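The structure appears below as structure tokens.
Residue numbers begin at 1 in each chain, while the letters A, B, ... track the order of the sequences. Just so you know, these numbers come straight off a predicted model, no measurement behind them.
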Number of protein chains: 2
Amino acid sequence: MAPPIIMKKKITLKQIARELDVSIGTVSKALRDSAEISEDTRKKVQAFAKLYNYRPNNIALSLKNRKTKTIGVIIPEIVHHFFSKVIRGIELVANKRGYNVIVGLSNESFDKEVINMQMLANGSIDGFILSISKETLQQQDYHHFKETINQGMPIVMFDRIVNEIDCDKVIIDDSKGSKNAVTKLLSNGCKSIAIITTKDYVSVGKLRTQGYLDALEDYKMSPETDLILKVDDELVSEDHLESLEREIEGLFKKNKKIDGVFAVNELYAIIAMKVARNLGMKIPEDIQFIGFTDGVLSKHATPSLTTVSQHGQQMGEKAAELLIDNLKREDQEEFYRTIIIETELIERDSTK
Amino acid sequence: MAPPIIMKKKITLKQIARELDVSIGTVSKALRDSAEISEDTRKKVQAFAKLYNYRPNNIALSLKNRKTKTIGVIIPEIVHHFFSKVIRGIELVANKRGYNVIVGLSNESFDKEVINMQMLANGSIDGFILSISKETLQQQDYHHFKETINQGMPIVMFDRIVNEIDCDKVIIDDSKGSKNAVTKLLSNGCKSIAIITTKDYVSVGKLRTQGYLDALEDYKMSPETDLILKVDDELVSEDHLESLEREIEGLFKKNKKIDGVFAVNELYAIIAMKVARNLGMKIPEDIQFIGFTDGVLSKHATPSLTTVSQHGQQMGEKAAELLIDNLKREDQEEFYRTIIIETELIERDSTK
DNA sequence: TGTCAACACGCAAACGTTTTCGTTAAGGAT
DNA sequence: ATCCTTAACGAAAACGTTTGCGTGTTGACA
């Protein structure tokens, strides 16, 4: 037999005031231990408030203080090891510093990115942390970022950024990271290294390709267009990976001498390893692989994949710190910082 | 040379009113196309509002309407394929129905779960969607859920639920799902099937073990304790997987006849496959594997892993629909539903 | 010319806080 | 008895909306 349910709705200052026959202001002051209020009333009010489990209404506070203590995060995708790590980092420091996190997913779509930002920019949050969607990068339409900043709402961008917008940024040195990786392959003795990358409009893809070229140049090797596979991202949506497999298979068959592969993300590397294995190549004896983004796949693949770690959580933490610091210093003069998180080459079994 | 920056701070009804020399109420009504206002002023106000890109302040609306159009999601962990899929589902329908999503991470800790809920329950959100942390399940302290519900804030629980709390729930039939999986192994000819599971306080672990037992019983086989490996979750935190590997290795070595393995999550299955391979067994010829939770690992492992899909995104969608429906019908009489999402056995290369 | 709709708009309350600025009464000093 | 200080509290504004209701003006009609 369930006990009778007594709904204790949230109690407000007004109700406490009425009950105790004092004014609202008095209750408020008493709860904040103001010296203006006599010891007696203070105790009385505090006891009553505790009994009824009073908590100030956040919305009312937000309205009054004109800040919400909430930060908005807009990312292209959440079912993604890197982005979820970033969120974890953001949430960690946000929480520690008394902020909440509200997430919006752009799903790589320009429209959803705009809509989401508008939904949040109308008072719901104090600032944004975001990574730009592919469609936005492709269309190069950044007016929503500009407007948001113009309205006095700070933005911190991470990973997928764009130089055109003036704001705090947290990135990795993509070209340096991939240069390191490719250099590793070279120093491991690779003579013919292929790269599997994305179309150039994805800024990070472009930069990582650049790092590949830089490493080759250091070794006085000239790049061969045949070894550069630019994958059309549209084709690799979720489950249509066969076409990607075929492309990679074509790459290997046309260039039998390939003995090293650098891929700009984890999945491409894993799939390339699978194709290579099916073609009878031994990893890492015949061919070595390095990927980008240290996800769960890299760690548990067979063989485990050597990879460039982006330190997603650290990026998130840093981004949140930048934003909250910015919010604290109540719009004094504006200066924007770009933080570069160091990448790290995690060596596993796919390289010698 | 950058153009001079003109800060267009967000404009309010009051400012429009002052500028156009009408009252605040008139502006509000004009913008909402009230028949009370003359065509002239309506047009004038609307034009002005559009020019200055007026948007009603969400916080003020929340305070007035006493609802925030925001739902709070508390999950144990976000760097996790299943949970991030659920969030994606939640976000999808929430957004479609005009709601925002604010996430809190309990990090499997009781205290953080409580803190997070308190932070959000003070007016910031209209309702919760959550999955209970392991520590909470272990301590069996559910007062924070009860209090929240008592205050009139609806909760929808998913996956990790507890019967003691009266609220909407979205779950899968864990025992049925695992029974199906084990039955599949049996019908594939397995004679000695091991299970790798968790300690019993994790409700889903317990249920999945039960399904394993049920399947055996259907085939008139009696369970052997030697074949049931209950992993202590504490030991498998992130990177300390060696001990798990050793335990599994011990399992295989002690029971040479094992020809089938069912694991209650993806990672355990992947690791078990790795151990088996190192021991020289052929998959699926010598030994077959099935995991639980359809993550990215299952799909891209070699061999790819047959697995019981939980349909995380669908769970999220359903949870959000339950919650929002509940919110719409303005506390009429309360009735709680438990939705069971069907699992699906996704057959891949780790089974015959 | 007086009456009455209809029209167009302003006022004010309400949501729940915090905080500034009164206001009242008591008490001490003169 | 008068003045002043001080302690203790109340009133009200403000944050930005929405909305019910009151009010003034206009025009039509008798």
Margin query: Holding to salt bridge (Lys or Arg N to Asp or Glu O under 4.0 Å), I want the full list of residues that pass it with B:Glu91, two or more places apart in sequence or in another chain.
Written below: A:Lys112
Item checked: Opening and closing nucleotides of DNA chain C in contact with chain B, under 4.0 Å to non-hydrogen atoms -> C:dA8 to C:dG16
Notebook entry, point to check: Quick one: does A:Ile75's side chain get under 4.5 Å of A:Val86's, heavy atoms only?
Noted result: no
Item checked: DNA chain C: 5'-proximal contact among B:Asn65 and B:Ser23 (nearest heavy atom) -> B:Ser23
Next item on the list: Could you check B:Tyr52 against B:Glu19 for side-chain contact (heavy atoms from CB on, under 4.5 Å), going step by step and ending with a plain yes or no?
Entry: CA-CA 12 Å; B:Tyr52 281 86; B:Glu19 213 68 30; over 6 Å; no
Margin query: In this structure, how many angstroms lie between the P atom of D:dT19 and the CG atom of B:Leu31, rounded?
Written below: 13 Å
Item checked: Contacts of type ring-ring contact (aromatic ring centres under 6.0 Å, His included), residue B:Phe128, not counting sequence neighbours -> none
Checklist line | Non-neighbouring partners of A:Lys169 that pass salt bridge (Lys or Arg N to Asp or Glu O under 4.0 Å), sequence neighbours left out | finding: none
Notebook entry, point to check: Looking at residues at least two apart in the chain, or sitting in another chain, which of them share a ring-ring contact (aromatic ring centres under 6.0 Å, His included) with A:Tyr142?
Noted result: none
Notebook entry, point to check: Under the side chain to side chain contact (heavy atoms under 4.5 Å, CB included) test, which residues partner A:Lys96, sequence neighbours left out?
Noted result: none
Next item on the list: Look at the side-chain N and O atoms of B:Ser28 and state whether any lies under 4.0 Å from the OP1 or OP2 oxygen of D:dT17.
Entry: no
Note to self: Heavy-atom nearest nucleotide on DNA chain C for B:Val22 versus B:Leu63: which residue maps closer to 5'?
What the structure shows: B:Val22
Checklist line | Between D:dC9 (C1') and A:Leu13 (CG): distance, integer Å | finding: 15 Å
Checklist line | Integer-rounded Å distance: D:dT18 C1' and B:Asn58 CG | finding: 14 Å
Margin query: If you define the side chain from C-beta out and look only at heavy atoms, does anything of B:Val27 sit under 4.5 Å from B:Val22?
Written below: yes
Note to self: Just so I know, are the side chains of B:Ile16 and B:Ile11 near enough to count as touching, which here means a heavy-atom distance under 4.5 Å?
What the structure shows: yes
Next item on the list: May I ask you to list the residues of residues 37-49 of chain A, by number, that have any heavy atom positioned under 4.0 Å from an atom of DNA chain D?
Entry: A:Ile37, A:Ser38, A:Thr41
Next item on the list: Check every strand shown and say whether A:Leu61 touches a base, only sugar-phosphate, or nothing at a heavy-atom separation below 4.0 Å.
Entry: sugar-phosphate
Notebook entry, point to check: Under the ring-ring contact (aromatic ring centres under 6.0 Å, His included) test, which residues partner B:Phe110, sequence neighbours left out?
Noted result: B:His144
Next item on the list: To the nearest Å, give me how far apart CZ (B:Arg55) and P (D:dT17) are.
Entry: 12 Å
Distances under 3.5 Å only, N/O to N/O: pair up the protein atoms with those of nucleotides 20-23 of chain D.
unit_1, atom_1, unit_2, atom_2, d
D:dG20, O6, B:Lys29, NZ, 2.7
D:dC21, N4, B:Glu36, OE2, 2.8

Throw together a table of side-chain donor-acceptor distances under 3.5 angstrom for residues 97-105 of chain B, partners on residues two or more places apart or in other chains.
unit_1, atom_1, unit_2, atom_2, d
B:Arg97, NH1, B:Asp325, OD1, 3.1
B:Arg97, NH2, B:Asp325, OD1, 3.0

Next item on the list: Assess the side chains of A:Glu317 and A:Gln313: does a donor N or O sit below 3.5 Å from an acceptor N or O?
Entry: yes
Item checked: Terminal helix-axis angle for the helix from C:dT1-D:dA30 to C:dT30-D:dA1, with five pairs defining each axis and rounding to 10 degrees -> 90°
Item checked: Summary of side-chain hydrogen bond (donor to acceptor under 3.5 Å, both in side chains) pairs that have at least one residue in residues 153-163 of chain A, sequence neighbours excluded -> A:Glu108-A:Arg160
